[in-house]
Amino acid sequence: MADFTAVFSFLDPKIAEQVDYLIRHIPFAVWETIYTTVLSTALAYVIGLPLGVLLVAGEEGGVRPLPSAVMRILNVVVNLLRSVPFLILMVLVIPLSRIILGTSVGTAATIVPLVVAAFPFVARLVEGSIREMDKGVVEAAQSMGCSPFQIITKVMLPECKPSLLTGFTTAFITILGYGAMAGAIGGGGLGMLALNYGFQRRHTFSMWVAVIVLVILVQVFQSVGTHFALRSDKRVTRVNKRRKGEAKIQKDKRES
């Protein structure tokens with residue numbers, strides 16, 4: 001490590017100091033970022049997935065209609081939380097973080113505002129995915145006497161799996177970006193490194209390194225999410241199988 005930083009010391013002592021700091025701190029910052037993003041996304045889906053299903057199943061003509069007053073309240077709450085900018089929402093949720101965790105500063109404390117900001121977004125993503133489904137599938141399940149719970153768990157969610165996985169990837173990356181902004185209120189991770197150490201101390205090199213690492217993480221998670229979404233899409237799977245079959249037939253013809 002000393003030899004590595006010596007190269008930068010020869011070029012610019014200030015950059016050498018930043019490189020030494022990054023080597024010691026960026027692995028843990030990456031871990032904090034991934035940890036908070038994964039946990040916040042999981043908790044946001046615990047709330048947002050059932051809520052998104054309810055927004056479709058509970059409307060008039062849905063598989064389990066609810067009173068219109070209840071549906072209006074749910075839509076107002078979701079729209080209200082989605083309309084508040086995340087930085088402002090983080091400040092508003094500070095008292096809730098203190099009640100739940102006993103502190104409003106640190107990596108763990110950022111999970112509370114991340115979940116509050118993310119679950120309405122997740123609910124709308126889930127709602128949009130379910131609305132794209134062919135209603136004839138639900139009608140067929142109803143005609144066979146399936147209960148609302150069976151329709152939701154065995155028909156609606158499995159049929160919407162590719163779209164739900166795409167939405168999950170979008171939500172994960174959005175929460176990753178939210179987590180980076182949490183450095184403004186004392187959160188940890190790459191956001192703290194970029195804002196507190198990089199921007200506020202005018203260590204431009206460190207700030208750009210943190211940004212580049214965030215971009216790499218986004219690209220990795222987006223690629224993984226897209227891969228699983230395509231694998232679960234029966235339409236794409238059938239097309240790929242047909243193409244492989246046609247290619248095999250052509251190969252057999254050439255060999256014969």
* Let me see the working for Thr226 and Gln222 under side-chain hydrogen bond (donor to acceptor under 3.5 Å, both in side chains), right down to the final yes or no. => CA-CA 6 Å; Thr226 303; Gln222 181 66 62; 3.0 Å; yes
* Give the C-alpha distance, both sets of side-chain angles, the deciding distance and a yes or no for side chain to side chain contact (heavy atoms under 4.5 Å, CB included) between Phe168 and Leu125. => CA-CA 8 Å; Phe168 177 85; Leu125 287 175; over 6 Å; no
* Structure fact -> With sequence neighbours left out, the residues meeting ring pair (Phe, Tyr, Trp, His ring centres under 6.0 Å) with Tyr35 are Trp31
* To do: With sequence neighbours left out, write down each residue that passes ring pair (Phe, Tyr, Trp, His ring centres under 6.0 Å) with Tyr178, or none if nothing qualifies.
  => Phe86
With a 4.5 Å cut-off on side-chain heavy-atom distances among I, L, V, M, F, W and Y, is there a chain of contacts connecting [X] to [Y]?
X: Ile88; Y: Leu81; value: yes
X: Leu54; Y: Phe119; value: yes
X: Val38; Y: Phe28; value: no
X: Val115; Y: Leu101; value: yes
X: Ile26; Y: Leu176; value: yes

List the atom of [X], the atom of [Y], and the distance in Å for their closest heavy-atom pair.
X: Ile152; Y: Ala57; value: CD1-CB, 4.1 Å
X: Ala44; Y: Ile175; value: CB-CD1, 4.4 Å
X: Leu193; Y: Ser206; value: CD2-O, 3.9 Å
X: Leu55; Y: Met71; value: O-CE, 3.6 Å
X: Val112; Y: Ser97; value: CB-OG, 3.5 Å
X: Gly225; Y: Thr169; value: CA-OG1, 3.2 Å

If you round to the nearest 0.5 Å, how far is [atom2] of [Y] from [atom1] of [X]?
X: Glu60; Y: Leu66; atom1: CD; atom2: CG; value: 12.0 Å
X: Lys135; Y: Met156; atom1: NZ; atom2: CE; value: 10.5 Å
X: Arg124; Y: Arg82; atom1: CZ; atom2: CZ; value: 7.0 Å
X: Thr37; Y: Phe172; atom1: OG1; atom2: CZ; value: 5.5 Å
X: Leu157; Y: Ser163; atom1: CG; atom2: OG; value: 11.5 Å
X: Arg231; Y: Lys161; atom1: CZ; atom2: NZ; value: 9.5 Å

* Heavy atoms, side chains only, cut-off 4.5 Å: are Pro113 and Leu89 in contact? -> no
* Structure fact -> Tested for side chain to side chain contact (heavy atoms under 4.5 Å, CB included) against Leu74, the lone hit among Val78, Val77, Val70 is Val70
* Is it the case that Glu32 and Thr36 place a side-chain donor and acceptor less than 3.5 Å from each other? -> no
With no hydrogens and no angle check, is any side-chain donor or acceptor of [X] less than 3.5 Å from a backbone partner on [Y]?
X: Thr33; Y: Leu190; result: yes
X: Gln150; Y: Ser147; result: yes
X: Ser83; Y: Leu80; result: yes

* **Which residues share a salt bridge (Lys or Arg N to Asp or Glu O under 4.0 Å) with Arg131, sequence neighbours left out** => Glu59, Glu127
